[in-house]
Structures are given as structure tokens and as C-alpha cells.
Chemist: 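Below is one structure. I have some questions about it.
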Amino acid sequence: MDREVGAPVKTLGAEAELEIKLLLEAIYHRFHYDFRKYAMSSLRRRLARACDALGCATVSRLQERVLHDASAFPVLLAHLTIQVSDMFRDPAYFLAIRRKIVPILRTYPSLKLWVAGCSMGEEAYSFAILLHEEGLLERTTLYATDINGDALRTAQLGVYELKRIARFSENYQRASGQRSLSAYYTARYDAAVFDRALAAHIVFSDHSLSTDSAFGEMQMISCRNVLIYFDRELQDRALGLFQESLCHNGFLGLGAKESLRFSKHGEAFRDVAAEERIYQRIA
Amino acid sequence: MSVTPPVCAERAVVIGASTGALRALAQVLAPLPADFGEAILVVVHLPAEIPSRLDEVLAHRCRLPIKEAEDKEPILPGTVYLAPPDYHLLVDRGPVCALSIDLPESFSRPSIDVLFSSAADEFGARLTGIVLTGSNADGARGLSAIEHAGGRTLVECPDTAEWPAMPLAALEACPEAEVCALSELAGRLVYRSSGVSIIDAEREA
């Protein structure tokens with residue numbers, strides 16, 4: 001399996017939870033990033049890694065470091081937010097969009113799609129390619145948002161390590177890609193640079209599902225493997241935001257293991273492709 | 001319609017298995033009685049590309065309900081939760097199941113270490129960790145986290161395990177862990193959970 005592998009880290013002690021809460025308050029007041037409603041279990045792991053990377057023995061030391069050393073916060077933020085995803089991750093999802101959602105999207109004269117929590121842009125480019133092949137990209141604006149500015153800058157460049165491309169290609173083919181993925185990028189040394197014509201339809205922008213509000217009326221929102229890092233309350237906030245941002249009958253796509261089942265917004269949606277976690281707003 | 005909120009599990013068992021997992025897991029889970037009072041969370045290393053039918057395969061042989069864990073799903077007593085392929089399974093406050101797609105640990109996602117240490121954070125001394133057959137070292141760190149939190153640690157006997165590397169690594173990290181033949185594991189769980197032996201439990205059933 002060709003995957004990046006994280007080195008094992010020491011786990012944080014039982015007293016860490018209080019330190020984590022204090023750190024998250026400090027981050028919120030000093031840097032205006034709100035992680036206070038993130039799932040504690042993943043926070044613990046990610047902060048253990050950040051402590052390791054910044055050479056801090058405890059979360060309290062980490063807090064001191066980020067408050068007094070300007071270079072430390074971007075490192076911490078990367079540990080708290082950056083996700084490694086693949087293009088066309090879960091090909092069945094993109095296949096279902098092609099077969100069940102695209103025919104409906106076709107009926108709109110202009111389209112707005114929102115990839116929420118886009119990290120380094122893999123999913124945004126996947127959508128751009130899919131929409132291009134379906135002849136819809138010209139009339140589409142894709143909004144790709146994240147809270148991490150560094151990730152957004154990387155996403156904007158559309159440059160990925162060449163060694164990841166084999167996996168991207170395989171996914172693309174399984175998602176019923178119409179060409180070869182290489183039609184969309186040029187290889188330069190050890191990197192694949194994706195066609196700027198794709199990025200021309202994507203607006204990369206800073207947006208927080210914790211603190212920001214709706215910014216447009218979308219025909220589709222895709223937010224995959226982002227909500228799993230939130231607690232139930234923040235999940236509900238985000239889903240409420242999606243409900244508000246979707247046009248009537250607009251579509252919401254979630255991660256393969258995410259669902260609306262435990263949410264208070266569940267009744268505002270119906271299943272369109274239950275297995276692929278694609279829902280339609282009905283209220 | 002009013003729904004009574006589910007009563008979450010107070011105690012839990014976490015199990016990690018890799019190569020040879022299916023046979024070993026069935027042998028541990030099948031004898032457990034239907035009224036087993038602890039929640040059971042399981043990580044098995046499986047290739048991400050192949051759709052997992054592990055829950056169906058095990059369900060045929062077990063009296064306890066077996067399901068793939070869903071994100072933020074309450075952890076109930078007497079239910080077996082399997083980590084979905086290509087996701088880490090963690091225990092979050094509640095206790096509820098939580099999933100993540102963070103990087104693989106010890107080359108694995110799901111990782112046994114990740115489940116074990118997060119379960120130790122939430123359940124503390126009310127947790128039993130079991131490392132079964134496997135050909136890598138995943139689970140060793142997690143089992144040690146359980147030990148530190150005051151939980152109980154069990155390791156399948158390396159001499160009889162189908163693949164001994166994982167039990168051996170676990171024992172190296174936790175020399176105090178109870179070593180136990182596969183056939184005895186369920187009995188030890190039931191005894192600890194209810195104070196009655198599995199033979200009594202079978203007689204009542």
C-alpha cells in the first residue's frame with residue numbers, strides 16, 4: 001500500500017483534557033480559530049503529534065509556545081486541520097454524482113457548488129474534472145473553502161506529488177472517468193501540475209464551519225470526512241448552515257461513514273443515494 | 001413519539017487482530033452470551049479496497065449484535081462495533097464511537113493502537129484490551145496505554161496463535177498482561193463481566 005505513514009507518538013496523559021480546553025480557549029482568543037467543539041478523541045491525537053513536532057513535553061508547554069513564538073502557530077494549525085485526501089476518493093460517490101445528480105444539475109442555467117473543508121483541493125479538482133466532462137464546468141462556480149490559509153494556497157496551485165497520481169488515476173477510472181487523468185495535468189519532475197483551466201472555475205476561500213455563516217445559494221454542497229472531527233453540536237451547526245445554503249432540492253454529499261441519522265436536521269433531507277451518502281434538501 | 005435515550009456502556013472490551021483475525025475473532029465472540037454486559041469494539045486490519053463483509057460473517061456465529069461503527073454512535077452494552085475499513089475508530093466522550101481519516105499508524109488504518117489508547121482515555125480502569133493473532137506490532141502501544149490507565153490486559157498465547165508476532169510485541173510492551181489460549185478468552189471475559197462462569201451462562205440460556 002502506497003501511503004504516507006505517521007510515526008507513532010506518545011499518547012497524552014489523563015490530565016491533558018484540561019490543558020487541551022485551556023489551549024483551545026487561548027487559540028480562540030488569540031488567533032480566532034475555534035476548535036472548542038471538535039471531537040476530543042481526535043484532538044488528543046493531533047495535539048500529541050503537534051507536541052512532538054514542536055518539541056513540547058506537555059500541552060501547557062505547547063500553549064506557551066504558540067502564544068509567544070509566532071512561528072509555532074502555523075505548525076500547530078497544520079496539525080489540527082490538514083487532511084490528506086485523494087482525488088476521486090470513494091469512486092462510487094463520484095459515479096453516483098455522474099449518474100444521479102448531474103442530470104438534474106443540467107437543468108440549471110448556472111451552477112454553484114461548494115466543497116466545504118477542501119484542505120489541499122483534491123476534491124475540488126475532482127469536481128472540476130467531472131463537471132468538465134459532463135459539459136457543465138463553463139456554467140459553474142466551485143467554491144472551495146477551508147480554515148487553513150496554507151492549505152488553500154497549496155490547493156490553488158493544483159500541484160500534487162507525482163507518486164500520488166497512480167492512486168488518483170485508479171480512482172478516476174473507477175468513477176467512470178472519460179479520458180485518462182493525464183489529460184488534465186503536466187508532469188514536472190516529481191510533481192503533477194493540474195490544468196489552470198480547472199482552477200479558473202474554482203474560488204478558494206477562507207471559511208469556518210464553526211464561526212462563519214452562509215455566503216451563497218448552492219445547487220450542491222460536498223463536505224466529506226470533515227464532520228467526523230466535530231462534536232455533535234458543531235455537526236448540527238454545520239448541517240444547519242448547509243441546509244440554509246442549499247437551494248430547494250439542492251444536494252448534500254457527506255463522507256462514506258457520515259450520515260444525517262444522529263442530526264436534528266435529518267428531516268430536512270431525503271436520501272438520493274443512501275449508500276453513497278448523497279442527500280437532497282426537501283425542507 | 002418519545003424515545004428514551006440509550007443507556008451507554010459503562011465497561012468495554014477492545015480487541016485488535018490482524019492476520020488470521022477471522023477465525024480468532026469468531027472463537028472469542030461466539031461463546032459470549034446474549035446478555036453480555038460490556039460493549040465490544042474491534043479493529044481488524046483489512047485491505048481498504050475490498051468491501052468488508054466481516055460483520056455478516058461474524059453475525060452468523062454470534063449471539064451479540066454486530067455492526068460497523070458509525071460516527072458519533074452511542075456505545076451500548078452487549079453490542080460489537082467493528083472499525084470500518086480505511087477509518088480509525090476512536091472512543092469519544094459519551095461514550096460514542098468516533099471515526100477519523102488521519103494518517104495510518106504502524107502502517108494501519110484502522111489502527112489498533114488508536115482504538116486502544118482512545119478507549120483507555122474514556123473508559124480508564126473499566127476497560128479490557130485484547131491483542132490477538134497478527135504479523136505486525138500494532139496494538140502494543142495501545143495495550144500499554146490501557147495498562148497505564150488501570151485497565152485489564154489480555155494477550156492471545158503466542159505459542160498457539162496462528163500468527164505470533166503481534167501477541168509477542170504486545171507482551172514485550174506489557175509483560176504483566178494475562179496470556180491466554182484463544183479457547184479460554186471468552187470465558188475470562190464473561191467471568192469478569194458478570195461474576196458467573198460461561199458454563200453457568202450457557203446453562204441459563
Side-chain angles (χ1 to χ4, degrees), chain A residues 1-17 20 38-46 48-49 79-80 82-86 89-92 119 167 170-171 174 224-236 254-263 275 277, chain B residues 6 45-49 51 68-74 83-125 137-142 144-146 148-150 173:
Chain A
M1 269 180 282
D2 181 24
R3 268 190 197 152
E4 290 189 45
V5 173
V9 285
K10 205 164 71 86
T11 49
L12 298 173
E15 68 294 339
E17 195 160 322
I20 291 173
Y38 275 48
M40 185 55 75
S41 50
S42 281
L43 276 175
R44 289 181 78 104
R45 301 205 61 74
R46 290 173 159 196
R49 277 191 190 291
H79 277 91
L80 285 175
I82 287 186
Q83 214 100 285
V84 180
S85 185
D86 290 328
R89 181 186 158 103
D90 303 319
S119 200
R167 196 171 169 86
E170 189 191 321
N171 287 345
R174 284 167 61 203
R224 300 196 304 145
N225 297 314
V226 174
L227 300 183
I228 48 177
Y229 292 101
F230 296 174
D231 72 8
R232 290 277 289 279
E233 196 183 323
L234 183 53
Q235 287 184 346
D236 271 333
L254 299 178
K257 301 299 169 190
E258 293 169 326
S259 77
L260 295 172
R261 234 181 75 193
F262 301 108
S263 165
E275 191 75 2
R277 311 293 164 127
Chain B
H45 295 155
L46 288 169
E49 291 78 12
E68 195 177 83
E70 289 182 62
D71 186 54
K72 305 299 175 301
E73 173 175 22
D86 212 21
Y87 283 80
H88 290 305
L89 170 61
L90 301 95
V91 177
D92 213 278
R93 199 109 28 84
V96 297
C97 297
L99 302 177
S100 109
I101 54 160
D102 281 357
L103 292 175
E105 298 230 357
S106 312
F107 304 96
S108 307
R109 187 171 66 199
S111 142
I112 302 169
D113 285 336
V114 169
L115 169 65
F116 280 21
S117 22
S118 77
D121 290 335
E122 183 65 25
F123 286 101
D138 193 13
R141 269 165 187 281
S144 151
I146 293 173
H148 284 297

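In the text below, chain A, chain B and the rest are named by the order of the sequence lines, each starting its count at 1.
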Chemist: So does B:Leu99 get a backbone contact from the side chain of B:Asp71, meaning a donor-acceptor N/O pair under 3.5 Å?
Modeler: yes
Chemist: Given a strict heavy-atom distance threshold of 4.5 Å, which part of B:Val91 is in contact with chain A: side chain, backbone, both, or neither?
Modeler: backbone
Chemist: Chain B heavy atoms under 4.5 Å from A:Leu227: which part of the residue, side chain, backbone, both or neither?
Modeler: backbone
Chemist: Could you tell me which portion of A:Ser259 (side chain, backbone, both or neither) has an atom closer than 4.5 angstrom to a non-hydrogen atom of chain B?
Modeler: side chain
Chemist: Salt-bridge test for A:Asp90 and A:Arg224: reply yes if a basic N is under 4.0 Å from a carboxylate O, no otherwise.
Modeler: yes
Chemist: Determine whether a donor-acceptor pair (N or O, by modelled atom type, separation under 3.5 Å) exists between the side chain of A:Tyr38 and the backbone of A:Leu234.
Modeler: no
Chemist: Given the options B:Gly94, B:Ser118, B:Ser100, which has more heavy-atom pairs under 4.5 Å with chain A than any of the others?
Modeler: B:Ser100
Chemist: Looking only at heavy atoms, what is the nearest atom pair of B:Glu68 and B:Pro85, with distance?
Modeler: OE2-CD, 3.7 Å
Chemist: Strictly distance-based, threshold 3.5 Å: is any side-chain N or O of B:Asp138 a donor or acceptor partner for the main-chain N or O of B:Ser106?
Modeler: no
Chemist: So what's closer than 4.5 Å to chain B heavy atoms on A:Glu258: side chain, backbone, both or neither?
Modeler: neither
Chemist: Are any side-chain N or O atoms of A:Arg45 and backbone N or O atoms of B:Asp102, one a donor and one an acceptor, separated by less than 3.5 Å?
Modeler: no
Chemist: Give, as side chain, backbone, both or neither, the part of B:Glu73 having an atom under 4.5 angstrom from any heavy atom of chain A.
Modeler: both
Chemist: For the interface with chain B, which of A:Lys257, A:Arg46, A:Gln83 has the highest count of heavy-atom pairs at distances below 4.5 Å?
Modeler: A:Lys257
